[in-house]
Each structure stands twice: as structure tokens, then as C-alpha cells.
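Read the structure below first, then the notes.
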Amino acid sequence: MSEQQKQPAATGSKMDKLVALCRRKGFIFQSSEIYGGINGFWDYGPLGVELKRNLKDAWWKDIVRCPGVGADGEMLDMVGLDCTIIMNPKVWVASGHAAGFNDPMSTCRQCKKLFRSDHVPELLKEAEWVKSLFKAYEENESKFNPQMLVNWAKKRGEKLAPGLAFVRGIKEVGAEAFDFFANKETDGFMENVRRLATPVKYDGPPITPCPNCGGDLTEPRQFNLMFESHAGAVQDESSKVYLRPETAQGIFCNFRNVVDTSRVKVPFGIAQVGKAFRNEVTPRNYTFRSREFEQMEIEFFIRPDTANEWYKFWRDERFKWWQSIGLSSANLQLREHDKDELAHYAKVGAGTSDIEYKFPFTDPGYGELEGVAHRADFDLKAHAQHSGLGDKLKYFDQELQVKLLAAGGMSKEEIAEKCKYFPHVIEPSAGADRGTLALLCEAYTDDPGRPSGVVMKFHPRMAPIKAAVLPLVDKDGMPEIAEKIYKDLRTTWNVQLDVKQSVGKRYARMDEAGTPYCFTVDSQTLEDQTVTVRHRDTLAQERINVSQVRAFLAEKVG
RNA sequence: GCGGGCGUAACUCAGUGGUAGAGUCACAGCCUUCCAAGCUGUUGGUCGAGGGUUCGAAUCCCUUCGCCCGCUCCA
């Protein structure tokens, strides 16, 4: 008998085609492919590395080298940093990662669902079958008896909690299970729920039921999401180190160093681009969730009372930036986090937003490109406490001091105290690999009208190859002229010279690589020193003088 | 980690127990005066890996790895 085959969604096939093109043209390869690959790790090929580098370079230039005007109307004060991947393990204790990234998990033996063990009690309180049980109890209150519990199991339990031991076989559970409600006041919630899930003859610790089906959960098992290694030759507990799960902590640890050496004043930002590592349970969706990935992070340090305006500033600024490098506003959205999904460091404060892109594999939903979070002073305070440096990590705000002295009304001691504080932090944290993937998805355009059938419409600033120089035919002096132009352009841009095969085939190759412009040398060039410019997106052609080629490209791609 | 699907050339696929194939791509040469023309040639596969059954395995069996989908995870 043939199984019903589910056809992949139309969006899925676009992703399949993009993945195939990335492989074929050398954008992205699976890491260590000749050994069968390794899940969650990806390599960038010759075109991919140019694309990703263009993204990172644009970010560095726009954030660190020539940032614009900030929320306060002043020029933004930004500096860069490059920290190590491996740091003192105490860093991860202070940051909360050593705890947060070591979450024990449990699987349901009946329905196979996976849960964070520490979330199970909360999930159980909200579980449909538990609610139903309570409802059955409340309807009868004092008259409630064991038979009613059996009735519930038969009527509602089989639907809502088919995995629950009490439902699967009522006799399996001991008589004390029937005290579930009678002892509601004296026993803990979890203890009561466990009684319904634990057969009387069962030899072992009480079983925690599954919030989904009531089945038995496995004992909590460790899922360490931080990669471990050892510093030094001796591999014991004392030499254990971690690959950083985010680049941010390197910035916080160097906060004092930067303030002391680079004359920055609050408000100012420290930026870093670098690799981070997370041992994700399930890497998925091409490069979207990788175990090794690159972040582009800003920690922007501000006076606590200016958090709202700076948070809004960076959220909007970063949203505009992604559009400026070619992501269409139709595929981007800003999403403010709900209170209950806020990270541990952002429970209070101005908020957290995700800048999200509508990837083909999330469509019609969105996937995170960048998170903008008000981290308050969580990190600096944590490092002050764990390092023992305490108030020495505080920032002294001389500008504020001058202002308060001029205003009068406070003693010098009061002012000094007010001017010494832990700056709050607004953190725009972007994924370089996710950004690159978004650029690829955005650029991918089916076009049956052209020979290649597909064209990668990269923003010229992002395009891996900025231009190709093509002699129309490989004779009559055309290759020589093309080579001269090529040699000149390559001193500034990544350009290609291609003389082989028909010009149509070369255009097609360039369409797949996303090259925005082709300069073609033809017989007319020999007479009047003009070349044709072929525009990738419109297929339009115009003639410009050879001497104008450099200026043309400079204007278009920067 | 659980369940389902899939692994043959760089890509798309054919090959159901008997000598591993086709087209495309790539590369070289000829040709070619604006969008993958044509001709000639070349590179490239121990059929994901390991083991088993068999005279003989891409094909049958077991194990394993990888990919895709769902659950889940993504402080």
C-alpha cells in the first residue's frame, strides 16, 4: 500500500532551490562534507565569504567607523573590540549562562514530547487534563468520592490524558491516589499529581506526569548547551573551559579597560563581531540555527534614566539599517517581546524587540535577525559582584557632575554619589549568518524569462562580485582592452574577467552570482572607447566611456 | 532525544541480484559581434559509511552517519 505523500509547500521548494544554488555556485557548503558533514556547522564558499564579509564590513563601517547621530542629537560615540572565544569560566557563572545553559530535560515515555524539567510544574498547572480534573472536583466539592474520579477517568481522562497511569488502568494506582482532592490542603500540588501517575507496585521515585498526555516523564537529563573544552594538557574539572555562547560578555568584562583607555563618555557603545557557540538540541533550517555562528553585537552604555529613548532609538535605527542593505520592508518586522518571553536580564526595563525577517521556511511567520534588548545594569552588576570589584566597576559621570554642581541644591557628597553608577545597556545583537541567509533569500528571484532561470538580486553594496568585464568575443583585441579595465577595477573592487564561451552564457553565470553590472567590450569599443553596461535587474544596456567605468562603479557600489 | 521520509557524478535523475549510466554543469580547444547556440575532448562515483546473506549486492538484511519534516529546544 502506498503511503500518502505530502507535497512540500511551495515555499519549501523555493528554499530547496536556494540551497541547491548556494551549493552549486559556491555560497555555502556543509562543513567537512567529504566525511559526511556535521550537523549544525556550515562553511562559506568563495561567493558566500564575500557576501558575509560585505555584510560585516557594512555593519562595522556604519556602527564603529562612521556612525550617525544618536537619540540625544550628538554624534554617536562608538569603539570596537575583539575578545577571545574562551574566557575565564567564572564569566559564565556571573552572566548566568552556567546555570541557564545547563537545563535538565525530560521526555514523555508515552507521547515522546520533550520538556524542560523546571518548567513542568508550571505546565502541569496549565495542562488541560489537570484543569479538567479540578473542574470535576469543584463541581462536586464535599460530595466528591473515588467513584467520581473513576468516572472522570472514563469520560474525560481518556481524551485529555490517555497516558496517565490512572487512566490507562485504574487498578494500577494505589488507593492513596483517591485522596488526591481530600488531601488537597495538606499535600503539595506536585505530590498529588504524581500519585495519579505512579502505579502502586512501581519501584522507584514518584513519576511526574506529562503535561500533554499524563504519561510518565523520564528523570531529568542534562542538556549542556555550552560547548566544553579544556585549557592546558590536563583534562580535569579544574581545567574545564567553555566556548562563549555570546560575544557580549567579552565587552562587559572589558568595560573598565575601554573607559580607562579610550576617552569614551556615557552614552557610548562598544561593538564586536565574532564567533559564538551553542550546542543546540536541533540545528534546523539551513544556516538559521547553527551550533557555530557569528554575532555582530553592540553594547551601548547609557544613563539609567535615558533607557527608554535609547532603546527606541536603537530599535528603529537597526530596523532601518537592514532595509538600507537591501532587505525589503515587506519581509521585515519589528516585534516587541511579551513580558513572559523576556530573558532573565530584561524582566524590567524599556523592553526587548526582535527584528525579524520572513524567511521562506518561516513564511508566513518570521525568524529573528537581530534582538534589541534593554539589559539594564544586569551584566555590569553581576561582574562587579562575582569579580569582587564591586563599586570599582561603576562609571563616574563627570558631565553629570558639572551639570549638578551648576544647578546647585545638593551637597558635593550627594552629587558624587549620584554621578557614580552602573550604566544601563541597550544591546542590539545581530546574527551575521542569519543576516547573510536573509540577504540570500531576499536576492533569490526566479525569472523564467532569462537563460539562467534565476537571478540573485543583491544590493550592489552586498554583491559578492561587483562587476564583470567581458570581451564580446575572444579576438580582435577585445580581450586586451577588457583585461586593462579589469586590472584597474580590481585594485578597488572584487571584479571578474571572463572571456570564455558566448557572452550570453557569461551573463547567465553573473546573474546566478548576483553581479549587478557587466561591462562588455565590443567592436564599437575599438572605435570610440565606449563599453556597454549591462544592468542585472533590468537587463537594460547603456554605453559609457571606458574612462568613466571606475566612476560609474564607485557611484553604484560605494 | 523521539517519530516519519530520503541518501547513485558538482546538479537533476535512470538503474529492484549479473561489466555503474544519461542530461546539465565545470574544464581545455575550435567556433561565436549582446543574453546558457554548435563541434571535439577531459575531469568527476569504492552507489553516504560499516558489517552480513550470496558464486555475485547500488539492489536483500542489520548497524551507523548525514539531510529533510513534525514534536521539542532556541536563557
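Just so it is clear: chains get the letters A, B, ... in the order the sequence lines come, proteins before strands, and each one is counted from 1. Note: hydrogens, waters and symmetry copies are ignored here, and every other heavy atom, side chains too, is used.
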**Message:** Both A/F41 and A/R23 contact RNA chain B. Taking the nearest nucleotide for each, which residue is further toward the 5' end?
**Reply:**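 Counting from the 5' end, the first nearest nucleotide belongs to A/R23.
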Once base and sugar-phosphate atoms are separated, protein heavy atoms under 4.0 Å mark nucleotides 27-39 of chain B, 5' to 3', with B, S and - as SSS--BBBBBS--
Quickly work out the [X] [atom1] to [N] [atom2] distance and round it to whole Å.
X: A/D354; N: B/C74; atom1: CG; atom2: P; value: 14 Å
X: A/R244; N: B/A75; atom1: CZ; atom2: C1'; value: 18 Å
X: A/F378; N: B/A75; atom1: CZ; atom2: P; value: 14 Å
X: A/R289; N: B/C67; atom1: CZ; atom2: P; value: 15 Å
X: A/F29; N: B/C67; atom1: CZ; atom2: P; value: 17 Å
X: A/H337; N: B/C74; atom1: NE2; atom2: C1'; value: 11 Å
X: A/H97; N: B/C74; atom1: NE2; atom2: P; value: 13 Å
X: A/M510; N: B/C25; atom1: CE; atom2: C1'; value: 15 Å

What interatomic distance, in whole Å, is found between [atom1] of [M] and the corresponding atom of [N]?
N: B/C47; M: B/U19; atom1: C1'; result: 15 Å
N: B/C55; M: B/G38; atom1: C1'; result: 49 Å
N: B/U43; M: B/A28; atom1: P; result: 15 Å
N: B/C6; M: B/U59; atom1: P; result: 16 Å
N: B/A9; M: B/A58; atom1: P; result: 14 Å
N: B/A49; M: B/C39; atom1: C1'; result: 42 Å
N: B/C62; M: B/U46; atom1: P; result: 26 Å
N: B/A10; M: B/C71; atom1: C1'; result: 35 Å

With a distance cut-off below 6.0 Å to the six-membered ring centre and an angular limit of 45° from the axis, does A/R434 pair with A/F288 as a cation-pi contact?
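Output yes; distance and angle both within limits.
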Looking at A/Y507, is A/R534 sitting on its ring face, NZ or CZ under 6.0 Å from the six-membered ring centre and within 45 degrees of the normal?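 The answer is yes, since A/R534 meets both limits relative to A/Y507.
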May I ask which nucleotide in the shown strands pairs with [N], Watson-Crick or G-U wobble, both distances under 3.5 Å?
N: B/A36; value: none
N: B/C13; value: B/G21
N: B/C2; value: B/G70

Taking the side chain as every heavy atom from C-beta outward, state whether A/C83 and A/R244 have any atom pair closer than 4.5 Å.
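Yes; the side chains approach each other to less than 4.5 Å.
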A/W310 ring center within less than 6.0 Å of A/F300 ring center: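 Centroid distance A/F300-A/W310: below 6.0 Å, so yes.
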Decide if the gap between the ring center of A/F227 and the ring center of A/Y242 is smaller than 6.0 angstrom.
->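 For A/F227 and A/Y242, the ring centres are not under 6.0 Å apart.
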- Query: Taking only residues two or more places apart in sequence, or in another chain, which ones meet A/Y311 in a side-chain hydrogen bond (donor to acceptor under 3.5 Å, both in side chains)?
  - Reply: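 Only A/E336, A/S353 meet the side-chain hydrogen bond (donor to acceptor under 3.5 Å, both in side chains) criterion with A/Y311.
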Exercise for review: Identify whether any heavy atom of A/N285 sits under 4.0 Å from a base atom; if not, whether one sits that close to sugar-phosphate; answer base, sugar-phosphate or nothing.
Suggested key: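 Answer is sugar-phosphate: A/N285 comes under 4.0 Å of backbone atoms only.
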* Using a strict 4.0 Å threshold on nitrogen-to-oxygen distance, state whether A/R375 and A/E246 make a salt bridge. =>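 Salt bridge: yes.
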Discussion item. Keeping A/Q548 on the side-chain end and A/N545 on the backbone end, is there a donor-acceptor pair under 3.5 Å?
Written reply: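 Between the backbone of A/N545 and the side chain of A/Q548 there is a qualifying donor-acceptor contact (under 3.5 Å).
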* Flag yes if more than 12 heavy atoms outside A/R490 fall under 6.0 Å of its CZ atom; otherwise flag no. =>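 Check fails, neighbour count at 12 or below.
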(request) Take the angle between the ring planes of A/H424 and A/H374 and call it parallel below 30°, perpendicular above 60°, tilted in between. (result)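 Plane angle between 30° and 60°, so tilted.
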Open item on the list: Tell me whether the rings of A/F361 and A/F359 are parallel (<30°), tilted (30 to 60°) or perpendicular (>60°).
Closed with: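 The arrangement is parallel - the two ring planes meet at less than 30°.
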Shorter than 3.5 Å, N or O on both sides, protein versus nucleotides 7-9 of chain B: list them out with atom names.
none

